[in-house]
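Take a look at the structure set out below.
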Amino acid sequence: MPFKQNVYEKALYKEPAPIRDSEHPFQAMIDRFDIAAKILELDPGFYEYLVTPARVHITAIPVVMDDGRIKLFEGYRVIHNEILGPSKGGIRYAPDVNVNEVKALAAWMTWKCAIVNVPFGGAKGGVVCDPANMSPGELERLTRRYTANLLDVFGPDKDIPAPDMNTNAQIMAWIVDTYSMHTRNSSTAVVTGKPIILGGSLGRVEATGRGVMSVTLSAMEKIGMRPGQSTVAVQGFGNVGSIAAKLLAEKGCKIVAVSDVTGGYYNENGFDVEDLIRYSEANKRSLAGYPEAQEISNEELLTLDVDVLVPAAKEDQITSANAPDIKAKIIAEGANGPTTPAADRVLDENGVLVVPDILANAGGVTVSYFEWVQDRQGYFWTLERVNKRLDRMMKTAFDNVYNASEQYGVPLRAASYVLAVDKVASALKLRGIYA
Ligand code: NAD
C-alpha cells in the first residue's frame with residue numbers, strides 16, 4: 001500500500017457497504033464523495049446538502065419529425081450545485097442517457113470547477129434520442145424546443161450549457177439563437193463551445209485534450225518518466241482522445257495504441273497521429289481499416305504493456321475484472337468516470353498513478369470559463385493567451401492535488417475530492433443556509 005491512509009477502510013461515510021464496480025455513475029460519484037467526506041469529517045447536514053442535486057428538471061420535448069409525425073423526447077437538466085457560481089455543464093444527446101447518469105455528471109462538474117478554481121457550480125443535461133438517425137432539421141427543432149422548455153433555467157448568470165457527447169458548436173448556436181429570441185437580448189454567454197464567429201473561444205475544441213496532455217506530463221515528472229522514452233495507449237479517438245494523443249506525440253511520447261467504437265489499433269513503432277486524425281475524419285470518425293495497424297480489441301488495449309493509459313471514451317471501462325492486468329504506470333482519465341470504485345482500490349494497491357477525471361479532463365471547463373469571460377467582456381483573446389492560461393491553471397490544479405495527496409497520504413482521486421469538497425463546503429459555510 002503506497003499511501004499513508006487506507007481510504008477504502010475509511011469509506012463509506014454512513015453505513016459500511018462494499019466498494020463496488022458501478023451500478024450507475026451517480027453511485028460511483030457518491031462512493032468517492034464518501035471517502036472525502038470521511039477524511040474531512042464533514043458535518044452530516046453538509047454531507048446531505050452537497051451530495052444532493054439542487055434541482056432535477058425532466059421535460060417532455062415534442063418534435064415534428066420530417067415525415068410529419070409528432071414524436072416526444074425526454075430531456076433532463078440537473079443543477080447539482082450553485083454555491084461557487086452559476087452552474088455549468090454540457091448537454092448529452094444519446095439513446096441510453098438517463099437521469100442517474102446526468103446527476104453524476106452534474107456533480108462531477110461541481111467538483112471539477114472547484115479543483116481548477118473556476119467560479120462555477122455544476123450541472124449537466126441530456127436528451128434521450130438517437131442523433132445518428134435524425135436529420136439536421138429534426139435535431140434543430142429538438143434543440144430549440146429543449147431550450148424553450150428550459151428557458152427559466154438557462155442564463156449567463158444562472159446555468160450555462162456546453163457541448164457533450166453528440167452535441168456540438170452548431171447545437172450551441174441554436175441554443176444561443178432560441179434563448180436570445182425569447183429574452184430579446186443577444187446572449188452569447190448563455191452557452192460555451194459555440195462557433196468562434198458567434199463568440200466562441202479559440203482553443204476550446206482542443207482544451208480538454210490539452211489539459212490531459214498537461215496533467216500527464218506533470219504526472220510523468222513526478223515519477224521520473226521521460227516523454228521521449230514513454231509509450232501511450234489511448235482508448236477513444238474522439239475530441240478528447242485524438243487531441244490528447246496528438247499533443248502527447250508532439251511532446252515526444254510514442255502513441256502505440258488507439259481505439260474507437262470499431263475496435264483497437266496497435267503499432268509498436270508508434271502512430272503518426274496526424275495521419276490517424278486525417279483518416280478518421282475522412283471515414284466518418286472511424287479508424288476501421290487503418291492500414292498501418294494491427295487490430296486488437298478494446299479490452300486488449302487497456303491491458304497493453306505501456307507506460308501511460310488514457311481512457312477517453314466512456315464510463316466504467318476499467319473495472320475490478322481488468323484492473324489487475326493493467327500494466328501502465330500512469331492512467332490519465334480523459335473520459336468522465338472510466339474507472340469504477342472497485343478498480344480504484346486495485347490500481348492503488350498496484351501503485352498505478354491515476355490522474356482522476358475531475359482533474360485530468362477539467363481543461364474543457366477551464367476554457368469554457370475563458371469563453372464566458374470573453375463573451376461578457378466583449379473582448380477576445382489570442383490562442384496563445386488561452387493556451388498559456390490553460391496550461392498554468394492545469395499545472396496549478398495538478399500541483400495542488402498532488403500536494404494534498406502527500407498531505408493526507410491518499411491517492412490523487414481521493415485528494416481531488418478532498419480539495420473540491422472542502423472548497424465547496426467552505427463556501428457553503430460562508431454563505432450559510434437561507435431560511
Ligand atoms: P467523442 O464523441 O468526440 O469521442 C468518443 C470516442 O470514443 C469516439 O472515438 C468513439 O468511437 C469512442 N468510443 C465509444 N465507445 C467506445 C468503446 N466502447 N471503446 C472504445 N472507444 C469507444 O467524445 P469526447 O468529447 O471525446 O468525450 C469522450 C469522454 O470525455 C466522455 O466521457 C466525455 O464525457 C469526456 N469529456 C469530454 C470533454 C470535452 O470537452 N469533449 C470534456 C470533459 C470530459
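Both counts, for ligands and for their atoms, begin at 1 and track the order of listing. For this chain, numbers begin at 1 and follow the sequence in order.
- The contact set between ligand 1 and Arg204, taken as ligand atoms under 4.0 Å from a residue heavy atom, comprises 40 (O).
- Looking at Glu101 and Glu315, their side chains come closer than 4.5 Å, going by heavy atoms from C-beta outward.
- Checked for salt-bridge contact, Lys158 and Asp152 miss the test: no charged N lies under 4.0 Å from a carboxylate O.
- For the residues Arg285, Gln317, Glu299, the heavy atom positioned nearest atom 2 (O) of ligand 1 is part of Arg285.
- For CZ of Arg226, the number of neighbouring non-hydrogen atoms (other residues, nucleotides, ligands) closer than 6.0 Å is 12 at most.
- Within a 6.0 Å sphere centred on OH of Tyr266, heavy atoms belonging to other residues, nucleotides or ligands number more than 12.
- In the model, Asn81 has no side-chain atom that pairs as donor or acceptor with a side-chain atom of Thr110 under 3.5 Å.
- Closest to atom 14 (C) of ligand 1 among all protein heavy atoms lies Val261 CB, 3.9 Å.
- The Arg92 neighbourhood of ligand 1 comprises atoms 34 (O), with distances under 4.0 Å to a heavy atom of that residue.
- Both tests pass for Arg389 against the ring of Trp381: distance under 6.0 Å to the centre and angle within 45° of the axis.
- For the pair Gly241 and ligand 1, the shortest N or O to N or O distance does not fall below 3.5 Å.
- For the residues Ala312, Ala335, Gly363, the heavy atom positioned nearest atom 28 (C) of ligand 1 is part of Ala312.
- Looking only at heavy atoms of the protein, atom 31 (C) of ligand 1 is closest to Ala313 O, 3.5 Å.
- Enclosure of atom CD in Glu384 is not indicated, since only 12 or fewer non-hydrogen atoms of other residues, nucleotides or ligands lie within 6.0 angstrom.
- Looking at Val205, Asn336, Asp164, it is Asn336 that brings a heavy atom closest to atom 35 (C) of ligand 1.
- Not one N or O of Leu105 is nearer than 3.5 Å to an N or O of ligand 1, by distance alone.
- Proximity annotation for atom 15 (N) of ligand 1: of Lys112, Lys314, Glu315, Lys314 comes nearest, heavy atoms only.
- Listed by number with element, the atoms of ligand 1 under 4.0 Å from a non-hydrogen atom of Phe237 are 6 (C), 9 (O).
- Every residue was checked against the salt bridge (charged side-chain N to carboxylate O under 4.0 Å, His left out) condition with Asp272, not counting sequence neighbours, and none meets it.
- Only the side chain of Asn298 comes within 4.0 Å of ligand 1, counting heavy atoms alone; its backbone N, CA, C and O stay farther away.
- Asp260 C, 3.3 Å is the protein heavy atom nearest to atom 21 (N) of ligand 1.
- For atom 40 (O) of ligand 1, the nearest non-hydrogen atom of the protein is Thr208 OG1, 2.7 Å.
- In this structure, Tyr290 has its ring center at least 6.0 angstrom away from the ring center of Tyr265.
- With hydrogens and angles ignored, the 3.5 Å screen pairs no side-chain donor or acceptor of Asp422 with any backbone N or O of Leu419.
- Glu138 and Lys71 are not joined by a salt bridge, as no carboxylate oxygen comes within less than 4.0 angstrom of a charged side-chain nitrogen.
- Distances below 4.0 Å separate heavy atoms of Ser259 from the following atoms of ligand 1: 20 (C).
- Scanning all protein heavy atoms for the shortest distance to atom 6 (C) of ligand 1 gives Gly238 N, 3.6 Å.
- Of the protein's non-hydrogen atoms, the one nearest atom 25 (O) of ligand 1 is Asn239 CB, 3.7 Å.
- If you check which protein heavy atom lies closest to atom 24 (P) of ligand 1, you get Val240 CG2, 3.9 Å.
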